[in-house]
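Below is one structure; the comments refer to it alone.
Since we're looking at a predicted model, the values are computed, not measured.
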Amino acid sequence: MIKFHPKDEMLMQHAKGLLHLGLSTAVSAHCELCSVCRGKVNDFTEQLAEECLGEDALSSNSPKFSAVTSTATGAEGELDNPEYGSIDFSAMLNQITNLAPAEDEPTLPVKPIVEIKGNEYLLPKAFSKQANLSWSGFGKISRMRLDADDGHSRASLLHIDANGEIPEHTHNGREITLLLEGYFEDEFSQYVPGDFIELDGNHQHSPKTMNGCLCYTVVDAPLHFTKGISKILNPVGELIY
């Protein structure tokens, strides 16, 4: 069961379209995996629409809607037009909704597949236009850099092989991790697919996985390694984060 979710404030910002691409992708992908947050975003979206259009504007039972329809249609749902005579409004709607899609109509996004070191992963649809780049990395850590559309943030697909570990580190900024496949654990918890983990400079951890995992990460500052030989990476952190 998913235990970690975006804060309601972030879900509301997502509904408003205020998140940059990196964070928006993380929230969208999480919502594909989490019915609870998907429902919240739908509620926030409806709330924003009502605030914009008026609370009754979206309801077919609203006085505004009823006034328009009662004026335009007769008791049988027919629209009286002086030039063309009586029109069956219900039949017209059925005809419109049953129209076949145009040949050049864009298709819905499909779930993309990525392959790394003999593993194949089916990703959420939120990655359908991004997850087609090359991998880089060293040892058990591989990364596919994606577009965050923000000058200070870095977004990546992060793959950790079985029995892999990211050296102990803290954060100079905020780190968002969405676990997509597999499992990992750190000093704070054990994580399952769909978990949305947000950490900052108040957290120090060393994620490790027994069977391997795939994550999506968004960071807005370099990690700061705190233990062992990995500390030599800190001076060039701005170049590699």
Would [X] end up clustered with [Y] when hydrophobic side chains under 4.5 Å apart are linked, directly or stepwise?
X: I160; Y: L123; result: no
X: V41; Y: L48; result: yes
X: M210; Y: L158; result: no
X: L157; Y: L133; result: yes
X: F127; Y: I176; result: yes

Is any side-chain heavy atom of [X] less than 4.5 Å from a side-chain heavy atom of [Y]?
X: H203; Y: F188; result: yes
X: L11; Y: C37; result: yes
X: R154; Y: R145; result: yes

Counting N and O atoms only, with roles assigned by atom type, does the side chain of [X] sit under 3.5 Å from a partner on the main chain of [Y], one being a donor and the other an acceptor?
X: S153; Y: D150; answer: no
X: T209; Y: G182; answer: no
X: W135; Y: E115; answer: yes
X: E120; Y: I113; answer: no
X: R38; Y: C31; answer: yes

Measuring from [X]:[atom1] to [Y]:[atom2], what's the distance to the nearest 0.5 Å?
X: L214; Y: H159; atom1: CG; atom2: NE2; value: 6.5 Å
X: S206; Y: I166; atom1: OG; atom2: CD1; value: 8.0 Å
X: H205; Y: T226; atom1: NE2; atom2: OG1; value: 9.5 Å
X: D8; Y: D43; atom1: CG; atom2: CG; value: 10.5 Å
X: C34; Y: K40; atom1: SG; atom2: NZ; value: 8.5 Å
X: D220; Y: N172; atom1: CG; atom2: CG; value: 9.5 Å

For the residue pair [X] and [Y], is the inter-centroid distance of their aromatic rings smaller than 6.0 Å?
X: H152; Y: H20; result: no
X: H171; Y: H224; result: no
X: F44; Y: H14; result: no

Please name the pair of heavy atoms, one in [X] and one in [Y], separated by the smallest distance, quoted to 0.1 Å.
X: R143; Y: S156; answer: CD-OG, 3.2 Å
X: E165; Y: I141; answer: O-CD1, 4.1 Å
X: A155; Y: G22; answer: CB-CA, 4.4 Å
X: L19; Y: S24; answer: CB-N, 4.0 Å
X: L179; Y: C213; answer: CD1-CB, 3.9 Å
X: L178; Y: A26; answer: CD2-O, 3.6 Å

Practice problem: Decide side chain to side chain contact (heavy atoms under 4.5 Å, CB included) for T170 and F225; before the verdict, give the C-alpha distance in whole Å, the side-chain angles of both, and the deciding distance to 0.1 Å. | Solution: CA-CA 6 Å; T170 185; F225 295 100; over 6 Å; no
Self-check item: Steps toward side chain to side chain contact (heavy atoms under 4.5 Å, CB included) verdict (Q190, Y183)
Solution: CA-CA 7 Å; Q190 295 179 327; Y183 304 88; over 6 Å; no
Practice problem: Mind checking side chain to side chain donor-acceptor pair (under 3.5 Å) for T25 and listing every partner two or more places apart, or none if nothing turns up? | Solution: Q130
Self-check item: With H30, the ring pair (Phe, Tyr, Trp, His ring centres under 6.0 Å) member among F196, F4, Y216
Solution: F196
Exercise. Scan for salt bridge (Lys or Arg N to Asp or Glu O under 4.0 Å) pairs involving residues 171-199, sequence neighbours excluded, and state none if there are none.
Key: R174-E198
Exercise. Anything under 30° is parallel, anything over 60° is perpendicular, the rest tilted; go ahead and classify Y191 against F184.
Key: tilted
Quiz prompt | The single option from K117, K208, K140 passing salt bridge (charged side-chain N to carboxylate O under 4.0 Å, His left out) against D161 | solution = K117
Quiz item: Taking atom types as modelled, is there a side-chain donor on K3 or S189 under 3.5 Å from an acceptor on the other?
Solution: yes
